[in-house]
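Let me begin by presenting the structure, written as structure tokens, before commenting on it.
Each chain gets a letter, A, B and so on, in the order the sequences are listed, and its residues count up from 1.
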Amino acid sequence: MTTAAASADKAGVITFTEAFSRALHDAMEMDPTVIMLGEDIADEEGGGIFKVTKGLSTKFGGHRVRTTPISEQAIIGAAIGASLAGMRPVAEIMLMNFITVPMDQIVNHAAKLRFMSGGQTHVPITIRTRTGAGAGTGGQHSDMLEAWFAHVAGMKVVVPSTPADAYGLLLGCIFDDDPCLFIEDQLTRAQTGPAPVKGEIIKLGKAHVARVGTDVSIVGYGRPIRDAHVIAEKLAAEGISVEIVDLRTVSPMDTETVLESVAKTGRAVVVHEAPKSFGCGAEIVARIQEALYGQLKAPVLRVASRDVTVPFSRVLEAEYLYKAADIEAAVRKTLGR
Amino acid sequence: MTTAAASADKAGVITFTEAFSRALHDAMEMDPTVIMLGEDIADEEGGGIFKVTKGLSTKFGGHRVRTTPISEQAIIGAAIGASLAGMRPVAEIMLMNFITVPMDQIVNHAAKLRFMSGGQTHVPITIRTRTGAGAGTGGQHSDMLEAWFAHVAGMKVVVPSTPADAYGLLLGCIFDDDPCLFIEDQLTRAQTGPAPVKGEIIKLGKAHVARVGTDVSIVGYGRPIRDAHVIAEKLAAEGISVEIVDLRTVSPMDTETVLESVAKTGRAVVVHEAPKSFGCGAEIVARIQEALYGQLKAPVLRVASRDVTVPFSRVLEAEYLYKAADIEAAVRKTLGR
Amino acid sequence: MTNSSGASRDGRPAGAGGASATAGSRSSAAFTPQALLEVWRKARLINLVDEKFRTLLRSGRLAAVYYSPRGQEIVAAAMGVHLQPTDYLVTTYRGIHDQLAKGIPLKPLFAEYYAKATGACKGKGGPMHITHPQTGVMVTTGIVGSGLPIANGLAWASQLKKDGRVTLVTFGDGASNIGAFHEALNLASLWKLPVVFLCQNNLYGESSKYEKCTAVDHIGERAASYRMPGVTVDGNDAEAMWRASAEAVERARAGEGPTLIEAKTFRFMGHYFGDPGAYIPKEEYDAHLAKDPMPRTRAAVLASGIATEAELAQYDAEVNAQIEEALQFAADSPFPDVGEIDIDVYGATA
Amino acid sequence: MTNSSGASRDGRPAGAGGASATAGSRSSAAFTPQALLEVWRKARLINLVDEKFRTLLRSGRLAAVYYSPRGQEIVAAAMGVHLQPTDYLVTTYRGIHDQLAKGIPLKPLFAEYYAKATGACKGKGGPMHITHPQTGVMVTTGIVGSGLPIANGLAWASQLKKDGRVTLVTFGDGASNIGAFHEALNLASLWKLPVVFLCQNNLYGESSKYEKCTAVDHIGERAASYRMPGVTVDGNDAEAMWRASAEAVERARAGEGPTLIEAKTFRFMGHYFGDPGAYIPKEEYDAHLAKDPMPRTRAAVLASGIATEAELAQYDAEVNAQIEEALQFAADSPFPDVGEIDIDVYGATA
Ligand SMILES: Cc1ncc(C[n+]2csc(CCOP(=O)(O)OP(=O)(O)O)c2C)c(N)n1
Ligand SMILES: Cc1ncc(C[n+]2csc(CCOP(=O)(O)OP(=O)(O)O)c2C)c(N)n1
Ligand SMILES: [Mg+2]
Ligand SMILES: [Mg+2]
């Protein structure tokens, strides 16, 4: 058992990092076809620069947990090939901006092989990557690019908002039979939450009503969902009842759950960290306004980050990033109070 | 003068291919810093597999029009570097699915260098690429991926819908001071339209009201805009007045022109060839519904292709692709007739 | 040739089938007349299918982008005889010779070219994405160089499972200049993967000459950058190609790691069917024509005494019969149901 | 050293400045004691800045991800003395030594580390994206290997303009395994571009050992795959590094094409500031420490008689004064105005 997982057992809460780590550990324990590759992920290299894979190569063997050269195309290609031969590879792309390198492997191959082969082959790989602004890492180490993959048929895109979800959803990705992109937030990785039940898989494709409310629905995924809970609490004191719909699986999107919620509340605020324009939020809005035209009590509002390169200077980075206050303001605006 | 341009001079109409070709020719004639690189583009290799660059290396010299190895990262990198040194490179990525290879160069570098350098450097490159379904080229040779680039701050995305626009907009890209992605449709390349005025540049960032109407706005770009004109004519006979807003520059989007039109008509149908989900149409819809909430007489509808890999078999490809009939049906639906 | 049925038990056309079944056991053996005959048979199957396809394309009875392997038959055949049906193949749009050499049956192959529901990929992938796992045809890609990293993964799985399979990945000279080539060879060498990298150097990438795009005299030399055995052979020479293949396949099967083989050859039909090929100087073309591997190999077979004119003619007849039968099957098959559009996008778990 | 002001005319710190101004004319000359001194000066500037930064980081007075060049000073300095201010540099996150050797002034450099409005990039790029065109620092990238294709473009522009400039691109050993490296070297060789590819092989990529990731004994050997001159030198040996650099820069300037230089070196401070470096065996670390280029070069300078202990101490004092002045400038400078967020996204034409 990994260090992270071990320490996790003691407390009833675990961090995101522990959750990622435990999911990988348990998946390898559950299924010998689960293998891993990525830069610096073996224990000889310290178990990954974020220590998520720490202990795994030692426990499961260097043949199942392999450190690779800095060759993202080779990493994803190897994952795809191994998956075609019956394995369930988990590839780590250290940071999301580096996923620009193996785009061909992911989009032209991983996502399309099942369809192009007429279902003769499929690509059950999981690509773990990490990103997120707010840590002062600047323009090439902070981008949230999930919208690209959501737009690609054949791909599944997953973003967790709690450690327990992270654990269950990562297992969900690994045991899903299609290529999954799993995004880990670098800013909240040390934040904690209730520990998940060992081995409990969260199946992909289903959104989660994380808080039940009646006045307005906050719909989104990832970090902003955590802010939404705080805001919902605060507004509850004022008698404003906020419902929170956490997509969990960004794509394919669980439109039904989203529409059910907004049909009930009549108001929606869509949130994500990525820049607003042409982001996933636009798709959520487009589906809501088309399906619920006439039932909406206010326009669907979006809260997201600015349409600029992520700046280095903290003063500018803070300005780039969506703010919790923006979410609160948007909620109030839809309510006219 | 290129073969294409020459033949074009005779008639008052030219094809898209002639328009692309003339724009490149005239740009090189107008400005010695305009240079080109790409696979097979020099005359020794036939002037490009689509013949768009035919004659250019002969007239302007092999040093300004260079055939490259099959190395898309090297192609875009060389364009970026040369642009930093004051050139205006035009790089050809033969087909859009191959743009998955140089994504890092485009997104992490071309799009961000101006911002990350605090404006000390900028990247005036034009990336020409070609794509589009309907020619039976299958899953890896048909994708419309413009939504990815529209989501990247610093990039400009341009898609023409007539030969004259193609000419003016390509010049607009080449003489723009930021990285531009110019998308050529492989299906309509032989279709003709009125010839442009030599040297007339269409500045980027402005949408074009291609047809004035009062009942419903069709908003989009590229091939479907051509279908929209046919439909508008047909519906006019029934007394339905359709306005057509051709974005021309998909991103940054000219929201004002779009909103003006829809504010007037109260109805909008958004069209593009790319798969619907998480496509550029969603952004158009999101902006309209937020700005014009309460003024819309119907939900904003989207017409786009299916969320699947482009199939090879024509029967399936036709099913994948948006249909002109879908646009007409959507228009009627917004009008309830 | 006793088996004259359309296909042998494992579904591979008999003509091309005989050899592979026991190839593994004999690949280290000398290049016997029998081995030469096996190479000829696979090569001739490729050759006859290719000729038929070009006839169909000319007459318009087949409408698909087609990348003829004419001139590269021996490269694929001399490698193919060393592979087992269970070995893996990753090839490209110009892959019909590799697929046939690997043993793909004609019916699903042709039906896929015809975009029919009975095609290997139900008409959804098409000629550029032929897939047939039963004969080890795992991936056919239309993206230059992208097959190499994927081949490593198939080989990694074999290494983990110790299933003794070898993965063959074929690509062109132009592909040797793209990043994926570099990343894949480096990783394969580091991990000692059972892969054979077969570069079919036909001297052109679309209309670009080798010299204009590739800054090395022989692509085989590039293996040195990865501490990998590299060899450059005359791909039109059945024996040389057979020996180089035998060695590389044996090395991979023995767990001794990958090999890069550069097979010098030529494509006589241009990049795609209909390519005027104006970029190829006539003298150059004629010089290569003089080295056409097919007549050359046929003559060698006859000279070896392993088969008579009559026997070769009979083989041709058998193969042509199989081809006609498969074409009929393809022609008679229905197009895919429109409902197929939503199938195979995601798996059942979706 | 007469010029003890913060910066010389071209804005480069005087200490590091003297050399470059006329380097081009002398780079073919013998490795004189004067040349050794110039290398030392640049190396010492780098060394003192690095030490200062690490002190600031330890004390928390500077908060930024920092990739120390400690151990690689001579590599950058011995190359830098051969470059003109007008030559181009493309470097990486671990690039402060290259930037200083190229002549970037301290004030905008430090202010950028401090994320201030007076920083070279107005605080928008940060340490990983240092840019300063006046001294030829064109691109600093945080993406491994991505600088190489861009360097080709700068060199292509120089070739077209015949401006005689040379482009230097630096990268690590790990970067030699990524696709962009392969594509860039092949193109540079084909086009005979005036580029110098300087691979600073510090034996680790983050926490991964060279041998585990790189399937070649010496990265310099990889030049052979591109018909390019390749050399592997001891980057800690001022003379060897100076000669290899002189030759490569001359070759590029003469229009004879690119060179790949692999400079063997070591990074003493791990990947990033704070890296415990547990993955480096103590014996290995100590063995490298014994070959630390700084004391070694300093001893050589003194032995050559070109400078006395006193003169070197005076140079240190001057440089430290410049550093303090620049740090004060950075500390006193304001943070960027929030309005900067919308500036430099698109140009005026937008
Ligand atoms: C990444 C990528 N770039 C460009 C293309 C377009 N293209 C298809 S085949 C081809 C030439 C390939 O030449 P080579 O590798 O020598 O193979 P050959 O066709 O000669 O067998 C090119 C450039 C592609 N398919 N993929
Ligand atoms: C494409 C890409 N993959 C991964 C990373 C993460 N990363 C940053 S530095 C580094 C190690 C680079 O090693 P090397 O090239 O030897 O340079 P060094 O840091 O040793 O100077 C890695 C893997 C990155 N920045 N870019
Ligand atoms: Mg070729
Ligand atoms: Mg290193």
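- Nearest heavy atoms, C:P336 versus C:K116: CD-C, 4.0 Å.
- Geometrically, B:R130 engages B:F50 in a cation-pi contact defined by less than 6.0 Å to the ring centre and at most 45° from the axis.
- Both the backbone and the side chain of B:Y320 come within less than 4.5 Å of a heavy atom of chain C.
- Interface residue B:T68: only backbone heavy atoms are found under 4.5 Å from chain C.
- Residues of residues 207-217 of chain C that come within less than 4.5 angstrom of chain B, heavy atom to heavy atom, are C:S207, C:S208, C:K212, C:C213 in numerical order.
- Applying side-chain hydrogen bond (donor to acceptor under 3.5 Å, both in side chains) to C:Q72 and the options C:T265, C:T170, C:N202, C:N201 leaves one that passes, C:N202.
- A donor and an acceptor atom, one from each side chain of C:R61 and C:S59, are located under 3.5 Å apart.
- Side-chain polar atoms of C:Y204 and C:D173 form no donor-acceptor pair below 3.5 angstrom.
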Open item on the list: I'd like to know whether C:F329 forms a ring pair (Phe, Tyr, Trp, His ring centres under 6.0 Å) with C:F110, so could you lay out the CA-CA distance, the side-chain angles of the two residues, the decisive distance to 0.1 Å, and finally the verdict.
Closed with: CA-CA 8 Å; C:F329 170 81; C:F110 290 9; 9.7 Å; no
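- With no hydrogens or angles considered, a side-chain donor-acceptor pair links C:K264 and C:H218 at under 3.5 Å.
- Residues C:K122 and C:E340 are in side-chain contact: their nearest non-hydrogen atoms beyond the backbone lie under 4.5 Å apart.
- Ring centroid separation for the pair C:Y93 and C:Y67 comes in under the 6.0 Å cut-off.
- Between the side chains of B:D40 and C:Y279, no donor-acceptor pair is found at a separation under 3.5 Å.
- With a 4.5 angstrom heavy-atom cutoff, C:D337 touches chain B only via backbone atoms.
- Judged purely by atom type and a 3.5 angstrom limit, C:K102 has no side-chain atom pairing as donor or acceptor with the backbone of C:L89.
- At a 4.5 Å heavy-atom cutoff, B:D43 makes no contact with chain C through either its backbone or its side chain.
- Between chain B and the options C:D342, C:V65, C:V345, the largest number of non-hydrogen pairs under 4.5 Å is found for C:D342.
- Counting heavy atoms from C-beta outward, B:C280 and B:E146 have side chains that approach closer than 4.5 Å.
- Contact count against chain B (heavy-atom pairs under 4.5 Å) is highest for C:G126 among C:S176, C:G119, C:G126.
- Of all residues in residues 136-143 of chain C, those placing a non-hydrogen atom less than 4.5 angstrom from a non-hydrogen atom of chain B are C:T141, C:G142, C:I143.
- Only the side chain of B:I49 comes within less than 4.5 Å of a heavy atom in chain C; its backbone stays farther off.
- The only member of B:N97, B:T309, B:T100 that meets side-chain hydrogen bond (donor to acceptor under 3.5 Å, both in side chains) when paired with B:D143 is B:N97.
- Annotation: maximal heavy-atom pairing with chain C below 4.5 Å, among B:L95, B:V101, B:V315, B:D307, occurs at B:V315.
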